[in-house]
Every structure is written in structure tokens, then in C-alpha cells.
2 protein chains.
Amino acid sequence: MTSPRRGRRPGAPDTRAGILTAARELFAAQGFAGTSIRAVAASAGVDAALVHHYFGSKDDLFVAALELPVDPRERLAEVVALGPDGAGERMVRVFLSVWDDPDLRLPLVGLARSILDPSSQRLLRDGFVPAVLQPVGVALGIDRPDVRMPLVASQVIGLILTRYVLEVEPIASLPADDLVAIYGPTVQRYLTGPLS
Amino acid sequence: MTSPRRGRRPGAPDTRAGILTAARELFAAQGFAGTSIRAVAASAGVDAALVHHYFGSKDDLFVAALELPVDPRERLAEVVALGPDGAGERMVRVFLSVWDDPDLRLPLVGLARSILDPSSQRLLRDGFVPAVLQPVGVALGIDRPDVRMPLVASQVIGLILTRYVLEVEPIASLPADDLVAIYGPTVQRYLTGPLS
DNA sequence: CGCGTTTTTCACCATGTGATGAATTATGGG
DNA sequence: CCCATAATTCATCACATGGTGAAAAACGCG
């Protein structure tokens, strides 16, 4: 395609979607700090000013790129519906299936890379844990959800990071069923089992 | 103190140590990307060129700042010496005590913040797990250390991040003994217990 | 067809970053 | 005391970044 010196491209190229795709890939691969707007633009085949046009600031691009098309609470509702028995395995299975969804993987990896960034770490501590996980514990009717759900988080975070971000073998490539069998009992104990 | 326009300061100020301290604090608080050499210099009360003088590049400063005065393998030797029974609790206790050491906290937090940085993530996947953890599994004589030690890592990483970096309550403030009681059985099962 | 709007690039800005080299000051040994 | 060396700052560089505004091209509606 021959680009004009300026101005609108002919046809209906969805450059906005192209930018989002490029952003998701780069944020996942390189993290927020390691990804420049120019890199996103180059990867999308557009000029960097167009990124600003569509998304405003880099922060706004990040938010748009990492927007999940599903609400994790809906997926976790499947866990709650059947009560606390066996909830450990069901939770692990839900987390794995969410992460194994091709449409969600890049945004989720991009999000994961940002959790240790001081400016973003409250996303997890003050967002995900209280707003997503705690209500699950409450809905399950478990004892002390305020204590137990963070324990669940500590294992789930470790599992997700080692499998999908850090790619530590063999965790990275074990079948989901194996991981459910391994981690289900851990999560179950954190939910309902004895803690000492 | 009135600084001269240029030149050596009188006396024996250990500006090199001051720079290292400032670097440790800032890398721990803001991560590598969020910490500039000028910020380190300002915090140490010196000119940024002095940071280059003593440490060379920013990468070299990072390596120097995060150098641990202890070899974690020595601390983990205490775990190994008593064999696989009870090794779960001993491991959790060692990790907590290492992290609770005031001299080690800042370098460790700085390191932790870098584990999800794509350029550094191999430190953990190809460094810590095979070089530090795997030999512990081998020395303990457990079955399948190549599979089990990464599982241990997944929980230890989750615990350390939620307690010391993300500061998720109540994990962040529970006494170490409570955490040993909670996480010891998990690590023990990953070491020697049934995985399915 | 003309025009307003949308899309897109070019040109540029301010600021910050990691890094370099020269000038200056202090120190200690001969 | 002198001088070589080490420590320190100033001045500067090349480059990169997020961001802005104007000019140009395409589109679709009246």
C-alpha cells in the first residue's frame, strides 16, 4: 500500500483496532514502561499521532488495550453456585480457563506485568482482591473470607505468574487437569480447611 | 555543608555507599524503570556523573545495589540438613526470615519488582529456580524435584509478593509463625505429598 | 457537487534519560 | 612541598519519549 503524504487512507481500514492489537501484544511482551507509543504505532503501521488521536494518553491506551471483554465475577459465579465443597478445584479451573482463552491472554499478561509497578500495584491489592475475590468468599459462606481469600490470592497469583508470565517449566506446559489436581487441594484448604 | 563549585569534597565522605543506599531505596520503591540515575544522585546528595563514575551504567548500578550479602543456598542448607520431613515449614520459615532481615529487605524488594520485567525475568526462571531451589530438592532426596520444586516456587513467589511487595492484608502483617503454619503444609505437600 | 467531518501524516515541542569529558578540589606519599 | 591520583561537579551530548497542532486526503450526506 502506498501511503499518501498526509490525510485519510482510502477504504475502511480499521486502524483503531490495529493499534489496539499492537498495543496488547507489546504491553504483554514488554510491559508498560518497555512499550513506547511509537513502537505501538510502528507495529500497527500508522503514525504515532494517530495513537494519541484515538486514545489520548499512553495511560488511556493502556486502559483501553487491557480492557477485558468479560467480567471475572461472572466466571467465578460458577464456582459459587455449587457451594464450598470442591470450590478449590473449580476456582483453579476457572482461572486457568480464563487465562487459556486466546482473546484474553494478551490483555491479561499485560495486566500481570503491571502488578509490581508501584503506580499500578493497587489494582491488585485494592482492586482484584477486595472487589473480585472477597465477594466470592462471602458468597461461598466460608469462615473468615477476609483472611482466607488473600491466601487463595497468594497461591493463584503464584500459579498464574509462574505459568503464563514467567513460564517456569513444567508448570507452563502441564495440562490444566494436572494443575487442577495439584492446586485444587491447596486452594480448598485455604478456603475451608484448617489453617494451623 | 557548602559544596564547592567542583572537585573533591573535604574529609572522607563515603559517597559511594550513600549512592548505593539511595539506589536500593529507590529501586525498591519505584522499580528499575521508575528510577533514574539523577533521582538516585539527588537522593544521595551528589551529581549524577558520580554515579557513572563509581558504577558505570544504570544496569551495573542495579546489579551492585541488589547484590545480596548472603548466599540463599547457605540459608536453605538448614532446611536440607534435617531431611524431607518438616521441610515445608522450615523452608517457609527460612524465606520469611531472609525477607525479614532489615539488611536484605530493600535489595530483595528491588529484585522482586524486576521479576516481571521481560529483560529480567530469566533471573528467576533460569536462575533462582534451577540454581537455588532445584538443588534443595535434590539434596532433600525428594521424588521428582524437577516437577515439585517449581510448584514450591509458585507458592513461595505468591507468598513473598503478596506479603512484601503488594502488601495484601492480612498476609502483610501476620506473624511469621502464623504464615509458617498456613503455608508449611502446602509446601510440604508440594515437596513430598500426593500431587493428585 | 460541495462541504463538514473524520482520518491520517508531517513537523515540531518540551522534557527527560543515560552517558561522556574536562575542570577543579582534596588527599597522601615521596 | 610537590605531584599524581582520586573524587566531584559542571557542561554538554545524542537520543528517546509523550504529546500538540496544522495540513491534507477520503468519505458521505444534503
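A note on names: the letters A, B, ... follow the listed sequences, proteins ahead of strands, and every chain is numbered from 1.
Side-chain N/O atoms of A:D117 and A:S114 include no donor and acceptor closer than 3.5 Å. No side-chain donor-acceptor contact under 3.5 Å links B:D100 and B:S97.
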Report each atom pair, protein N/O against N/O of nucleotides 27-30 of chain C, whose distance is under 3.5 angstrom.
from   : atom 1 : to    : atom 2 : distance (Å)
C:dT27 : OP1    : B:G11 : N      : 2.5

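The B:D47 side chain lies nearest to D:dT9 when the options are C:dA19, D:dT9, D:dT20. Relative to the side chain of A:S57, the nucleotides D:dG19, D:dA11, C:dT17 differ in distance, and D:dG19 lies closest.
Aromatic ring pairs are classed by plane angle as parallel below 30°, tilted from 30° to 60° and perpendicular above 60°; the pair B:F95 and B:F128 is perpendicular.
Within 3.5 Å, a donor on the side chain of B:H52 pairs with an acceptor on the base of C:dA19, or the reverse. A donor-acceptor contact under 3.5 Å is formed by the side chain of B:R38 with the base of C:dG18.
Across all strands shown, B:R16 has no heavy atoms under 4.0 Å from either base or sugar-phosphate atoms. Nucleic acid contact class of A:I37 (heavy atoms, under 4.0 Å, all strands): sugar-phosphate only.
Summarising the geometry, the separation between CG on B:L50 and C1' on C:dA19 is reported as 14 Å, rounded to the nearest angstrom.
Counting non-hydrogen atoms of neighbouring residues, nucleotides and ligands closer than 6.0 angstrom, the CD atom of A:E78 exceeds 12 such neighbours.
Contact annotation: A:Y54 does not reach the phosphate of C:dT6 (side-chain N/O to OP1 or OP2, under 4.0 Å). In terms of phosphate contacts, A:T15 brings a side-chain nitrogen or oxygen within less than 4.0 Å of OP1 or OP2 of C:dT8.
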Give the table of side-chain donor-acceptor pairs shorter than 3.5 Å for residues 173-184 of chain B, with sequence neighbours excluded, one pair per line with atom names and distance.
from   : atom 1 : to     : atom 2 : distance (Å)
B:S173 : OG     : B:E169 : OE1    : 2.5
B:D177 : OD1    : B:R93  : NH1    : 2.9
B:Y183 : OH     : A:S154 : OG     : 2.7

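The shortest side-chain heavy-atom distance between B:S43 and B:L26 falls under the 4.5 Å cut-off.
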